[in-house]
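Numbering of ligands and ligand atoms starts at 1, following listing order. Keep in mind it's a predicted model, so treat the numbers as computed, not measured.
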Amino acid sequence: MSLTLPQPPRETLTGKSLIAGVFGWPVTHSRSPRLHGYWLKHYGIDGAYIPFSTHPAQFETALRALPALGFRGANVTLPHKEKALACIDQATERARRIGAVNTVMVQEDGTLLGDNTDGFGFLEHLQASAANWRAGDGPAVVLGAGGASRAIVVALLDAGVPEIRLVNRTTRRAEEIAEALNTAADRRITVHDWDHRAAILDGGALLVNTTQLGLAGQPALEIDLAQLPVSAVVDDIVYVPMETSLLAAARKRGNAVVDGLGMLLHQARPGFAAWFKVEPDVTPALRDFVLADIPGAK
Ligand code: ATR
């Protein structure tokens, strides 16, 4: 006679629960607990994903405590992403090139491996949303030179884009990215003046806005799209609102458009897979669930 132990309801943690979380300051704006929480429930996983409100002065101590606490790992969000690169034992090549870490895995031996999945998330969403886009199609124009821009530039270089025209209000920041990522043999990143942003759209196959322009509460992104081929894809990483004025203008003239929410959803996949041992899917239901908690995104 076999004895069947009563199973706890799925919402209950057990001694075997797999635990991960996200470090931020503030962490209240993070969408990650809701996103990972959805997947945990959807796949019926015995695990939890916890928001850690961690002051910058405590960040290193908190991160280094993950192995001692038996945690599987964590995401890292603002303002800790650059600091995290200096606090881990080993970094993936892309994290080093991006200069920041957003995903940390506790390895078997208790050391910390840091990765950066932001560029991966960007590219996966671009490929899923604009199925006809190919990296080799032509130059990419990237507006902005912050952390998100750097992750996207690395992803586009690795995907094989023939040229990246980088343009930022503060030209020096764009030059720093170009100096860090161009090599003697590979000088695909070219830097341009902010005032020339409309002219450098000529012949472009992809336009990406990584600035905060167009975000609710920020000034609009002013750019004349006349020079951009109608065959080009226009991608805005801003997702509040979901259809920015850039995307609306691009759509109106016939360009394929890609919104910003998918980058957030796809960047979460590698961490979830490593911590919880299930490859999660980005689905319309997940998207709606995350969207429901983002005021002004619709
Ligand atoms: P993130 O790390 O999220 O990419 P960030 O480092 O704060 O954010 O970068 C924000 C980007 O938006 C930068 O490219 C910034 O330009 P500067 O480097 O010149 O600051 C850009 N940005 C923000 N406000 C802007 C504005 N009013 N006009 C033009 N660019 C702006």
Side-chain angles (χ1 to χ4, degrees), residues 22-32 56 59 75-86 94-103 114 116-123 125-126 140-157 164-181 189-201 207-225 234-241 244-247 249 258-268 294 297:
V22 53
F23 293 103
W25 184 267
V27 79
T28 44
H29 306 299
S30 175
R31 318 291 177 202
S32 296
F59 173 68
N75 282 126
V76 177
T77 187
L78 301 179
H80 305 309
K81 288 184 174 189
E82 281 88 14
K83 178 77 193 269
L85 185 63
R94 64 187 179 188
R96 279 199 303 274
R97 287 167 70 216
I98 294 168
V101 159
N102 78 337
T103 306
N116 191 311
T117 66
D118 285 334
F120 165 87
F122 167 82
L123 204 64
H125 179 52
L126 171 61
V141 178
V142 177
L143 308 176
S149 167
R150 190 157 163 158
I152 288 167
V153 167
V154 167
L156 290 174
L157 287 174
I164 298 177
R165 300 172 184 165
L166 190 57
V167 53
N168 192 47
R169 175 181 60 179
T170 310
T171 310
R172 185 67 214 134
R173 291 186 82 194
E175 286 169 349
E176 281 165 11
I177 293 180
E179 283 162 18
L181 298 175
I189 306 171
T190 56
V191 174
H192 304 265
D193 280 349
W194 184 244
D195 289 347
H196 297 162
R197 62 191 180 281
I200 60 168
L201 299 177
L207 168 63
V208 189
N209 174 44
T210 77
T211 74
Q212 292 156 4
L213 295 172
L215 177 67
Q218 297 288 325
L221 169 61
E222 285 171 16
I223 185 163
D224 181 351
L225 298 180
V234 178
D235 189 326
D236 197 335
I237 72 162
V238 168
Y239 56 82
V240 182
T244 59
S245 52
L246 170 66
L247 294 187
V258 180
D259 69 59
L261 186 66
M263 177 178 173
L264 171 80
L265 306 179
H266 284 276
Q267 64 75 31
I294 306 180

Checklist line | From CA spacing to verdict: side-chain contact (heavy atoms from CB on, under 4.5 Å), Thr244, Asn209 | finding: CA-CA 10 Å; Thr244 59; Asn209 174 44; over 6 Å; no
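Considering only residues two or more places apart in sequence or on other chains, Glu175 meets the side-chain contact (heavy atoms from CB on, under 4.5 Å) condition with Thr171, Arg172, Glu179, Val191. For Arg173, the side-chain contact (heavy atoms from CB on, under 4.5 Å) test picks out Ala145, Asn168, Thr170, with sequence neighbours left out. By the side-chain contact (heavy atoms from CB on, under 4.5 Å) test, Pro56 is found to be paired with Trp25, Pro79, His80, residues two or more places apart in sequence or in another chain being considered.
For the 3.5 Å distance criterion, the side chains of Ser32 and Asn75 fail to qualify, holding no donor opposite an acceptor.
Contact detail for Val76 and Ala84: the closest heavy-atom pair is CG1-CB, 4.0 Å.
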Give a table of atom pairs where an N or O of ligand 1 lies under 3.5 Å from a protein N or O.
unit_1	atom_1	unit_2	atom_2	d
ligand 1	2 (O)	Gly147	N	3.0
ligand 1	4 (O)	Gly147	N	3.3
ligand 1	4 (O)	Ala148	N	3.2
ligand 1	6 (O)	Arg173	NH2	3.2
ligand 1	7 (O)	Gln212	NE2	3.4
ligand 1	12 (O)	Gln212	N	3.4
ligand 1	14 (O)	Ala145	N	2.9
ligand 1	14 (O)	Asn168	OD1	2.6
ligand 1	16 (O)	Asn168	OD1	3.3
ligand 1	18 (O)	Asn168	ND2	2.8
ligand 1	18 (O)	Arg173	NH1	2.8
ligand 1	19 (O)	Arg169	NE	3.0
ligand 1	19 (O)	Thr170	N	3.0
ligand 1	19 (O)	Thr170	OG1	2.5
ligand 1	20 (O)	Arg169	NH2	2.8
ligand 1	27 (N)	Arg169	NH1	3.3

